[in-house]
Amino acid sequence: MIIHPELLPGNLYAARPWWKNAVLYQVYPRSFQDTNGDGIGDLEGIIRRLDYLAGLGVDIVWISPIYRSPQADNGYDISDYRDIDPLFGDLEAFDALVSRAHDLGMRIVMDLVVNHTSIEHPWFVESASSACSARRDWYYWRDPRPGFTPGAPGAEPTNWESFFGGPAWEYDASTGQYYLHLFARAQPDLNWENPQVRDAVYEMMNWWLDRGVDGFRVDAIDVISKQPGLPDGGPARPPFGIGHECFADGPRLHEFLQEMHERTFAHHPGSFTVGEASNASPETALLFCDPKRREFNMLIQFEHVNLGLENGKFSPRHLAPGELTDVLTRWQDTLGTRGWNALYLENHDQPRSVSRFGDPSRYWYESATALATAYFLQRGTPFIYQGQEIGMLGGDFKTAADFRDVESMSYMERLGADEVPEGLATMSRDNGRTPMQWDSSPAAGFSETVPWIDVPASAEQINVAAQADDPQSILTYYRALISARHVIPALTDGTFTRIDASVPALFVYRRSAPGSDVLVMVNMSGEHHTPLFSSGDEAMASLPWRLYLGNTDTSFVKTDDAFDHIQSEPTVTTPMRPWEARVYLLTD
Ligand code: GLC
Ligand code: CA
């Protein structure tokens, strides 16, 4: 690694709004740090690791759901929105966490899951209790399809498929109707058409904001408005199932989101909001994140992580060089200076990025740092998922019993075999859910006991303890990227311009603001490539760029005309090694 901190501006850049040069870190609480020896991470564990996060330079911590929940989908099935699940702690511990984080200069963002609740939520219990319950209309209840035996295949009110596979309807024999669940059976969809539902949601959101929470990551928000009349869906568009077009981006979606903003965030200026929208295109994303529309600050989109899944989520195809970066470029270009991107490669629903997009067996360090460089310095707010900063790999899934995720387990169940298909082993959401690897001890420093999900064998080499003080580590590299985000104006306010370097595998872009310029060059492949700039870009390439950061492990060795080896740093035209990444600053 080459790093020249002396080239960075000395002062923090005062961004407006504040989150424009903030770095977000996602904690999956179940897998972050266990402190009471039950093998499950907890709030006390997050508190214990806040210093680590502050030391990394993190500004915002998004915590995946910690509300009371039967844990059918690891907390994304909430049975009490105003309490902490005893698995993780209690409200007192939560308040302590928020106040400690604030002392360290970090903000806490909660996960808000309001497309659905748990089947154990009192609202649903009451709704299900009778066909004429006062809360019946809080959820979607429908009669069986005429002409079919209630409960038998085909009798579902529509042909919609759940995100986790299988029908999106569950038959309730006691009232003779079906309820809608776009996710797991234990996650019934709330009926957002009902104003009482919306009131209850907004009231709950304000309760948390008043308590000191700094904002929300809003789960599965683009499916809250369903097509009136609930029509049957047309052919599926993988990786989505049948019916997706009948509930994604529904007719009242933006009306609801503007109402949500008006009723909650508008009264808490400066709060942080990011929506999760599986269906968003760069064009529709602007509807959510153009500040004039008063909906969200930014959006978690799926287009780049869904690349190559045309044959289904668990049948990924190989991606061609440049495919990933071309999608990211289109998002940058379309959102332009009007919208704002949530920049990410990983989360608790995705496999580890170095495994999915990099080359962990031959170029683990290089590809992890190259991928980091590629996404982190684009226009938007970078998100780091726990363990990504040390290049964690996925889990070792050999039998059905190794999975914990409701989606993966249902898939294995439908398959009816014990042998794990390769596509599931590589794409399962459990890849992102293995315990955080703090050190090389048996449970990776995550727990004193056997964790709820196995620690991968790779934890012995890949862990925080091994990288914390290593000047050549992925962790050290991430720290350098984070510092850059905090002080370089171009990385906050600058425009994004993709620069053609003649080879699809070379991802080159420039960020420019008045008086501040950054050039990012990444070789997204395991081959050597020489950057060749078009005549239009030659002048740009000959500007006085100075290398701030590079991921080559030692000082670069270059051969001069006389074939003597001389030590020097790469210039913008130096051939790029496999997965090489460089960040240049313009100096005068
Ligand atoms: C989101 C969450 C995912 C969850 C789903 C249902 O996509 O990220 O983990 O299963 O919504 O809440
Ligand atoms: Ca615990």
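Counting starts at 1 for both ligands and their atoms, in listed order. Every heavy atom of this structure was used, including side-chain atoms; hydrogens, water molecules and symmetry mates were not.
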* To do: Verify whether one side chain among R49 and Q33 offers a donor that lies under 3.5 Å from an acceptor in the other.
  => yes
* **Top protein contact for atom 2 (C) of ligand 1, by heavy-atom distance** => D219 OD1, 3.0 Å
* Atom indices of ligand 1 within 4.0 angstrom of R429 heavy atoms, with elements -> 3 (C), 4 (C), 9 (O), 10 (O)
* Asked: Is there a donor in the side chain of D214 and an acceptor in the side chain of H268, or the other way round, less than 3.5 Å apart?
  -> no
* Min heavy-atom dist E407 to ligand 1 below 4.0 Å -> no
* **Geometric cation-pi criterion R211 and W207, 6.0 Å radius, 45° cone** => yes
* Asked: Taking the six-membered ring for Trp, are F272 and W19 parallel (under 30°), tilted (30 to 60°) or perpendicular (over 60°)?
  -> perpendicular
* Nearest-0.5 Å distance, CG of residue N347 to CZ of residue R429 -> 9.5 Å
* For W169 and Y179, run ring-ring contact (aromatic ring centres under 6.0 Å, His included): C-alpha distance rounded to whole Å, both residues' side-chain angles, the deciding distance at 0.1 Å, then the answer. => CA-CA 6 Å; W169 295 95; Y179 68 84; 8.5 Å; no
* Asked: Does a salt bridge link D349 with R433, judged by any charged N lying under 4.0 Å from a carboxylate O?
  -> yes
* What do you reckon, does R217 put a non-hydrogen atom under 4.0 Å from ligand 1? -> yes
* Starting from atom 9 (O) of ligand 1, locate the nearest protein heavy atom and write down its residue, its atom name and how far away it is, to 0.1 Å. => D349 OD1, 2.7 Å
* To do: Please check if any side-chain donor atom of S428 sits under 3.5 Å from a side-chain acceptor atom of S408, or the reverse.
  => yes
* Asked: What pairs of residues pass the salt bridge (Lys or Arg N to Asp or Glu O under 4.0 Å) test when at least one of them lies in residues 161-170, not counting sequence neighbours?
  -> E170-R185
* State if R433 counts as touching ligand 1 under the rule of any non-hydrogen atom under 4.0 Å. => yes
* Looking only at protein heavy atoms, identify the closest one to atom 10 (O) of ligand 1 and say how far it is in Å. => D73 OD2, 2.4 Å
* Structure fact -> Listing protein N, O or S under 3.0 Å around the Ca ion (ligand 2) gives D34 OD1, N36 OD1, D38 OD1, I40 O, D42 OD2
* To do: Using distance alone, with no hydrogens and no angle criterion, decide if S225 and W192 have a side-chain donor and acceptor under 3.5 Å apart.
  => no
* **Per-atom contacts, ligand 1 versus H116 - under 4.0 Å to a heavy atom** => 6 (C), 12 (O)
* Nearest protein heavy-atom contact for atom 7 (O) of ligand 1: which residue, which atom, what distance? -> E276 OE2, 2.9 Å
* Asked: What atoms of ligand 1 come closer than 4.0 angstrom to any heavy atom of F164?
  -> 10 (O)
* **Donor-acceptor side-chain pairing of E295 and Q258 below 3.5 angstrom** => yes
